[in-house]
Amino acid sequence: MSISSTRPLSLPPLRNLLVVGGGGREQALAWALRRCPEVGKIWISPGNAGTVNLQGCDSLEVAEGDHEGLIRECRTHNIDLVVIGPEAPLAAGLADKLRREGTAVFGPGAEGAQLEASKAWAKQLMKEAGVPTADHWTVTSEEEGLAVVQQLRRPLVVKADGLAAGKGVTVADTVDETTAAIHDAFEGRFGSAGEQLVLEERLCGPEVSVFALCDGEQMVLLPPAQDHKRLNDGDHGPNTGGMGAYAPAPLLDQEGLEQVRKLVMEPTLEALRNRGIQYRGVIYAGLMLTKEGPRVIEFNCRFGDPECQTLMPLMGPELARILQACALGRLAEAPPLTPIELCSACVVSAADGYPDAPRKGDPIEISLNVDQSEYQQLQLFHAGTRHTFDGVLETAGGRVLAMVAQATDFDQAFTKAYEGLTQVRYEGMQFRKDIGHQVRAPKLS
Ligand code: AMP
Ligand code: GLY
């Protein structure tokens, strides 16, 4: 959409914002929303050790699951807009509750959040809307699942229907692996999230993440980003939440992005509307670019992590107004999105033992001057970090922090991000050395 930037701003005042969540994604959102000159103060709840020192931002000690506590904080601080980061509070209906209180919220209600919270629901919606995706079978018992495998006699992708913290998918290489994954899920491996499974045809091609900021009717697309899901270099090792990203991903040029808008994003938003759902938040489409064209691998009802940390430094100061306009169903009144034309590179550093059993409590030393680094287009976003009672910064989760840098090309951006990481130390620190290999010049050695 293109809207004249000379149009007088008719949106209500936007002084106090609340970002819900405590990951790197939420720190990056708070960091970017602060850039809007009208925004006075940003609250983040609960935030992390990195948000404590973020200028213009204060942390609140209310957990993302404490809906009543968050509603109280909105009243206390006269919050004009709430931006909900993670999927769990969205799926649990936090946005619905806040809206009932009259608060503007960027984030779908529980019904819309099913796009992520139920893979079977999302697949049905895609089918109705004619959105290209892998063929699938929804099954509710092991017998039913095995019958599908027996009939097809080829390996399938096995997905737990519900939220499984990014661990609910098995991309099976053999029929035996498919059968074992079905068996494990019905044995309770994913708890109630695995009581229903989606079995999918296995697709092939590079993956790209596309984000649409929606007001229920209209949308604005962000530049595409590419995530790196596997733990180790060369895309080996277990799946993770994401070990690094870059944007804009050249995998989708302007024409490709427009194709995704027409084939995927607009029909999805329309199908949501047809179900009576006013989706005011971000639709995150995880796409696979197959030989036959783009196919949806999954939908999420939130920003990607670490794609968000990668994209936020490319956003102009109008972002806060755009999210507000989405929250109010008035995107036509928002200023146009003007992404900064630089390449953004993000490298995630994880804790020892991530993703299976991340160790907590390792002291972290950071010798980077963060204020200085922002100026140099280098950002350090925390995630699994905390301060001990005596003020020592230590690891507190699987993905510990993300180093993000921008430059005029990806080689320079990644060089800066990796140099930034040399100024961070903790026991067992692990990060991939090859993030962005798709867009970096090969090293001559
Ligand atoms: P998801 O949690 O649905 O994003 O799946 C995790 C990862 O599994 C994706 O990023 C893909 O790499 C892979 N995957 C999911 N569905 C498929 C599919 N139908 N074909 C091939 N790979 C898939
Ligand atoms: N980076 C993948 C995700 O946020 O699900």
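Since this is a predicted model, take the numbers as computed values, not measurements. Just so you know, ligand 1 is whichever comes first in the structure, and atom 1 is the first atom listed for that ligand.
Shown in contact with G304 at under 4.0 Å from a heavy atom are these atoms of ligand 2, numbered in order with element: 4 (O). Of all atoms in ligand 1, listed by their number and element, those nearer than 4.0 Å to a heavy atom of V169 are 1 (P), 2 (O), 3 (O), 5 (O), 8 (O). With ligand atoms numbered from 1 in the order given, ligand 1 contributes 21 (C), 22 (N) to contacts under 4.0 Å with heavy atoms of M288.
One side chain, S118 or D161, offers a donor N or O that lies under 3.5 Å from an acceptor on the other. Side-chain contact, S344 with Q406: a donor N or O sits under 3.5 Å from an acceptor N or O. Checking Y426 against S349 by side-chain atom types alone, a donor-acceptor pair falls below 3.5 Å. In the model, S45 has no side-chain atom that pairs as donor or acceptor with a side-chain atom of E64 under 3.5 Å.
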F410 vs Y246, ring-ring contact (aromatic ring centres under 6.0 Å, His included): CA-CA, chis, key distance, verdict: CA-CA 8 Å; F410 281 114; Y246 63 88; 5.3 Å; yes

Going through the distances and angles, do H437 and D235 end up as a side-chain contact (heavy atoms from CB on, under 4.5 Å)? CA-CA 11 Å; H437 61 88; D235 290 327; 4.2 Å; yes

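Remark: minimum distance from atom 5 (O) of ligand 2 to any protein heavy atom is reached at R302 NH2, 2.9 Å. Distance from atom 21 (C) of ligand 1 to its nearest protein heavy atom, with residue and atom name: L203 O, 3.3 Å. Atom 17 (C) of ligand 1 has I297 CD1, 3.5 Å as its closest protein atom, hydrogens excluded (heavy atom only). Protein heavy atom in closest approach to atom 19 (N) of ligand 1: E200 OE1, 2.7 Å. When hydrogens are left out, the protein atom nearest atom 10 (O) of ligand 1 is E207 OE1, 2.6 Å; that is the closest non-hydrogen contact. Protein heavy atom at the shortest distance from atom 16 (N) of ligand 1 is K159 NZ, 3.0 Å.
For ligand 1, the polar-atom distance check finds no N/O of R202 at less than 3.5 Å from any of the ligand's N/O atoms. The shortest N or O to N or O distance between V171 and ligand 1 is not below 3.5 Å. Below 3.5 Å of separation, one finds no N or O of N239 facing any N or O of ligand 1. Note: an N/O pair closer than 3.5 Å links D305 and ligand 2 by distance alone.
Relative to the ring axis of F431, K433 places its NZ or CZ within 45° and under 6.0 Å from the centre.
With a heavy-atom cut-off of 4.0 Å, K229 touches ligand 1 through its side chain alone.
Distances from atom 1 (N) of ligand 2 to the heavy atoms of N239, D227, N300 show the closest one on D227.
The closest approach between G242 and ligand 2 stays at or above 4.0 Å for every heavy atom of the residue. Not a single heavy atom of R295 sits less than 4.0 Å from an atom of ligand 1.
You'll find the side chain of F106 stays beyond 4.5 Å of the side chain of R280, heavy atoms only. Taking 4.5 Å as the limit, every side-chain heavy atom of H136 sits out of range of all side-chain heavy atoms of E201. I283 is not listed as a side-chain neighbour of F211, based on a closest heavy-atom distance of 4.5 Å or more.
Ring-plane geometry between F381 and W31 is classed as perpendicular, the angle between the planes exceeding 60 degrees on a 0 to 90 degree scale with a lower cut at 30.
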